[in-house]
Structure formats: C-alpha cells, structure tokens
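Worksheet for the structure shown next.
Because the structure is a prediction, the values reported are computed rather than measured. FYI, side chains are in, hydrogens and waters are out, and symmetry mates aren't considered; it's all heavy atoms of this structure.
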Protein chains: 2
Amino acid sequence: MSTDTRTKLLEVAARIYADAGYHGTTTRRIAEEAGLNEVTLFRQFGSKDALLREALEQADRHSRASLNAGAADPIAELHRWARACIHRFYDHQKLIRQILGDTVQRPEIAPRICEDPSDEMNQLVDFLTELERRKILQAGDPQLLQGAAAMLVHSLLSNALWRDMVPDVPSLDECAALFVVVLLRALRAPAGIPEQTTP
Amino acid sequence: MSTDTRTKLLEVAARIYADAGYHGTTTRRIAEEAGLNEVTLFRQFGSKDALLREALEQADRHSRASLNAGAADPIAELHRWARACIHRFYDHQKLIRQILGDTVQRPEIAPRICEDPSDEMNQLVDFLTELERRKILQAGDPQLLQGAAAMLVHSLLSNALWRDMVPDVPSLDECAALFVVVLLRALRAPAGIPEQTTP
DNA sequence: GCCTTTAGCAAGTACCTACTTGCATACATG
DNA sequence: CATGTATGCAAGTAGGTACTTGCTAAAGGC
C-alpha cells in the first residue's frame with residue numbers, strides 16, 4: 001500500500017521530470033499518471049520539491065558497466081565498456097539534460113548525478129593504469145593517461161547529450177568504437193594487440 | 001528609441017534566461033532590469049516567447065576564434081584555439097546548459113546553439129586535414145582524424161559545462177593544453193615539432 | 001499647431017499551480 | 001465491533017504569471 005504508492009509516485013515523477021522539466025512536472029500530472037489522487041502525493045511527501053528531490057536521488061540507481069583489467073582481452077573489454085557507457089548516457093540523456101539545466105539556478109538538487117562522469121573517469125583511469133603497468137599501454141606520463149581518460153568520458157557523454165540535435169552523427173556504437181581507437185593511439189597501444197573487436 | 005528599446009530587452013532577456021531559465025525569466029523581471037515598463041515589452045515583441053526566441057537567436061552572435069593552418073607555428077595555433085574555445089564555452093556555460101535542458105521539451109527553440117559544436121568541429125577538421133596534407137600529422141585514416149577532432153571539441157565543451165559541479169578539476173588552460181597533447185599523440189605529430197608552447 | 005509614434009502608469013483579467021480542508025470509504029488489526 | 005491507517009473526492013485558497021485595457025505624456029516630423 002504505502003510503499004507501493006511511494007514507489008509509484010517516485011518512478012512517475014522522475015519520468016515526467018525527464019520529459020517535461022521542473023515546471024512541466026505538475027503535481028496534478030504526477031498524480032494522474034500514477035493513477036492516484038493528488039492529495040496522496042502531499043500526504044506521502046509533504047511537497048512537490050521533496051518528492052522530486054527523492055525521485056532524482058533514486059533515478060540514478062542504474063547499474064554501471066564493469067571494467068575489468070583482468071579480462072582475457074582488455075582491449076575488447078574497453079570497447080565493450082565504452083559501448084555500454086554511451087548507450088547508458090543516451091538512455092538517460094533527457095534526465096541528464098534537465099538536471100544540467102536546472103542546476104544552473106538550483107545547484108543543490110541532485111548532486112548524485114554529478115558523480116556520474118567522475119565515477120566513470122575513476123573506473124577508466126584505474127583500468128588504464130593497470131594496462132600501463134602491464135606494458136600493454138605506453139603512455140609514460142600519468143597526467144597524459146588521465147587526460148586521455150577524461151577525453152574518452154567527456155566524448156561519450158557529450159556525444160550522447162548532443163546527438164539528437166546535430167545532423168549526420170554516426171551511430172552510438174560507431175562513435176564509441178572510434179573514440180576508443182583514438183584513445184589507444186594516444187596511449188601507444190602496441191600494434192600487435194588488436195585494436196578493435198567487432199561486436 | 002524603438003531600436004534601443006528592443007536591443008535592451010533582448011540583451012536583458014538573454015542574460016536573465018541564462019541565470020534563471022525559462023520560467024525564471026518573467027516579463028516583470030525583464031522589464032525591471034531593462035528599466036522599462038512591462039507593457040513596452042509586449043508592444044515590441046507581442047509575447048514573452050517571441051522575445052525569448054529572438055533573444056536566444058542573437059545571443060549566439062559571439063565571435064569565434066580563428067584557426068589558421070597557415071600560421072607559422074600550427075601547433076601553437078591549435079593550442080591557442082583550444083584555449084579560446086574552452087574559455088568561450090565556459091563563459092557561455094549557463095546559457096548552453098539552460099538551452100540543453102529546455103530543448104528536451106521545446107526542440108524548436110534556439111536551433112542556432114546546436115551549430116556551435118558543429119562549427120568548431122568543421123573548423124578543426126579542416127585545420128587538421130591541412131596539417132595531414134603537409135605531413136605534420138600522420139593519422140593516415142580520415143575517419144580517425146574526424147574522431148579525434150570530435151573528441152577534442154566534445155572534451156572542451158563537456159569540461160566547460162561540468163567543471164563547476166565536479167570537484168578538483170584542473171584549470172581551463174591546463175585542461176585545454178592536455179587535451180591538445182592527447183590529440184596530437186593520437187594523430188602522430190612527429191616528435192620534432194614542439195607539442196606545447198606555454199602561454 | 002497638429003498628428004504620429006513611443007513609452008509610462010495603474011488596474012486589472014484569465015489562467016495556472018502547489019497545496020489545504022472537510023468529509024467519506026475501504027481495509028487491516030486487536 | 002472499534003480503532004487506526006491509507007486513500008479518494010470535491011471544493012476550494014493563495015500566490016504567481018503572461019498579458020490586456022484605457023488613459024496620459026513626451027518627443028519628433030510635417
């Protein structure tokens with residue numbers, strides 16, 4: 001009852017917010033789409049803000065692709081990871097964009113979303129550092145490795161956020177693959193290791 | 001008179017929009033900050049939407065940094081250009097973020113802003129293609145060159161948009177420099193050409 | 001001087017939204 | 001059966017916003 005009601009409201013609120021932004025997410029619309037009475041919303045959460053804050057906190061609970069440096073083929077692992085990342089960013093692009101916009105005037109909302117690119121970055125840096133240690137990569141300079149990692153994450157994210165507004169963009173998979181190839185070139189992956197495994 | 005009034009309203013509207021978003025940009029606030037009567041706004045533009053549409057169209061009229069492949073030192077030219085880009089993106093980050101958010105539900109507004117990264121991309125691809133022709137770069141594959149160009153622009157843009165929300169980010173200049181170094185490594189700039197000119 | 005244009009002022013209008021209030025019903029538990 | 005909990009319904013309240021209307025004043029051009 002009460003738990004189902006709260007869950008329903010949270011899910012619906014996050015979905016409407018992604019589609020319609022803060023002001024488009026009216027309490028009436030949330031209630032209607034949740035199949036509940038508007039009063040219930042206020043009884044459960046006290047206010048629209050409280051509901052949305054909680055909804056956005058939990059909307060970020062998606063699973064993150066793993067990136068295992070110990071994989072049999074780490075290059076293929078990196079390609080797989082990049083594809084998973086770009087697809088995940090694209091699937092959540094509306095939400096990310098709304099939050100990016102809303103946090104201009106409301107920096108206190110959804111701090112969790114800001115950890116997204118940072119988590120991916122740390123994950124990737126750890127992975128690349130291990131490959132460097134095993135001489136699979138020869139960046140030489142840790143700062144260079146960090147810069148390249150940042151570029152890959154930025155590119156995957158930015159490509160996902162902008163692609164629907166820019167004409168003639170290659171597919172998500174094609175972009176992810178290309179960005180990884182560029183990264184590996186920058187970090188001097190030896191020619192003997194295959195640079196791409198087609199899915 | 002009328003031209004000054006319109007200009008004033010357009011400037012003020014764009015500024016408030018960048019700070020406060022669509023809903024925060026009330027006609028009362030625009031009028032007050034322009035030092036005009038609210039009725040004047042409607043007399044000049046007919047509606048808030050028309051004013052904002054026009055304001056955003058013209059807000060993109062900033063100057064773009066040139067990128068000249070014929071420069072005496074093209075690598076330094078690339079560094080200079082990247083710095084100018086990241087600063088420009090950062091200076092306009094609030095506006096870009098608002099638009100990125102608002103276009104989720106209003107894709108028809110401000111199509112001009114969407115040309116920003118594409119213009120930079122085309123500019124950069126032309127530059128790098130010329131350097132490849134002159135054997136300064138050795139990418140070999142045009143697709144690789146395009147991918148690297150996309151990564152640089154995405155990284156400059158994304159870094160500018162996210163940096164205020166992410167802790168411990170190096171300075172704009174440091175990031176721009178590092179991203180260019182990574183790009184040049186990926187595109188096989190010969191070791192003889194200095195890879196960085198400090199500003 | 002007269003007319004036109006531009007802008008200000010004051011007082012609205014109509015609509016929308018988050019939220020409240022009072023009453024009622026249904027269900028679960030002791 | 002009585003009580004407590006959760007929810008629905010209907011009718012608001014209060015605040016905010018884009019926009020309108022009627023009148024006035026000032027400036028510029030003929």
Calculate the interatomic distance between [X] atom [atom1] and [N] atom [atom2]; express it in whole Å.
{"X": "A:Ile16", "N": "C:dT17", "atom1": "CD1", "atom2": "P", "value": "12 Å"}
{"X": "A:Arg28", "N": "D:dG12", "atom1": "CZ", "atom2": "P", "value": "15 Å"}
{"X": "A:Leu41", "N": "D:dA6", "atom1": "CG", "atom2": "C1'", "value": "15 Å"}
{"X": "B:His23", "N": "D:dG16", "atom1": "NE2", "atom2": "P", "value": "16 Å"}
{"X": "B:Phe42", "N": "D:dC19", "atom1": "CZ", "atom2": "P", "value": "4 Å"}
{"X": "A:Asp4", "N": "C:dC27", "atom1": "CG", "atom2": "P", "value": "16 Å"}
{"X": "A:Leu51", "N": "C:dT17", "atom1": "CG", "atom2": "P", "value": "16 Å"}
{"X": "B:Arg6", "N": "C:dA7", "atom1": "CZ", "atom2": "P", "value": "10 Å"}

- Message: For the backbone of A:Leu144 and the side chain of B:Arg185, can you confirm whether one donor and one acceptor N or O come within less than 3.5 Å of each other?
- Response: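 Such a contact is absent between B:Arg185 side chain and A:Leu144 backbone.
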
- Are there more than 12 heavy atoms of other residues, nucleotides or ligands under 6.0 Å from atom CZ of B:Arg28?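 Atom CZ in B:Arg28 is not crowded, with 12 or fewer foreign heavy atoms closer than 6.0 Å.
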
- Message: Can you list everything that forms a salt bridge (Lys or Arg N to Asp or Glu O under 4.0 Å) with B:Lys94? Sequence neighbours excluded, please.
- Response: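 B:Lys94 satisfies salt bridge (Lys or Arg N to Asp or Glu O under 4.0 Å) with B:Asp19 only.
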
Would you indicate, yes or no, if [N] has its OP1 or OP2 atom less than 4.0 angstrom from a side-chain nitrogen or oxygen of [X]?
{"X": "A:Thr26", "N": "C:dT17", "answer": "no"}
{"X": "A:Gln44", "N": "D:dT7", "answer": "yes"}
{"X": "B:Thr5", "N": "C:dA7", "answer": "yes"}

- Message: Show every salt bridge (Lys or Arg N to Asp or Glu O under 4.0 Å) that has at least one partner inside residues 7-16 of chain B, sequence neighbours left out.
- Response: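 Output for this query lists B:Arg15-B:Glu33.
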
What nitrogen or oxygen pairs link the protein and nucleotides 8-12 of chain C at under 3.5 Å?
from: C:dG8; atom 1: OP1; to: B:Asn37; atom 2: N; distance (Å): 3.4
from: C:dG8; atom 1: OP2; to: B:Asn37; atom 2: N; distance (Å): 3.0
from: C:dG8; atom 1: OP2; to: B:Thr40; atom 2: OG1; distance (Å): 2.1
from: C:dG8; atom 1: N7; to: B:Arg43; atom 2: NH1; distance (Å): 3.1
from: C:dG8; atom 1: O6; to: B:Arg43; atom 2: NH2; distance (Å): 2.7
from: C:dC9; atom 1: OP2; to: B:Asn37; atom 2: ND2; distance (Å): 3.3

- Cluster companions of B:Leu9 among Ile, Leu, Val, Met, Phe, Trp, Tyr (side-chain spacing under 4.5 Å):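 Reading the cluster by chain and number, B:Leu9 sits alongside B:Leu10, B:Val12, B:Ile16, B:Ile30, B:Leu36, B:Leu41, B:Phe42, B:Phe45, B:Leu51.
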
- Query: Taking only residues two or more places apart in sequence, or in another chain, which ones meet A:Gln146 in a side-chain hydrogen bond (donor to acceptor under 3.5 Å, both in side chains)?
  - Reply: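 Applying side-chain hydrogen bond (donor to acceptor under 3.5 Å, both in side chains) to A:Gln146 gives none.
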
- Residues two or more places apart in sequence or in another chain: which of them pass side-chain hydrogen bond (donor to acceptor under 3.5 Å, both in side chains) with A:Thr27?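 For A:Thr27, the residues satisfying side-chain hydrogen bond (donor to acceptor under 3.5 Å, both in side chains) (neighbours in sequence not counted) are A:Glu38.
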
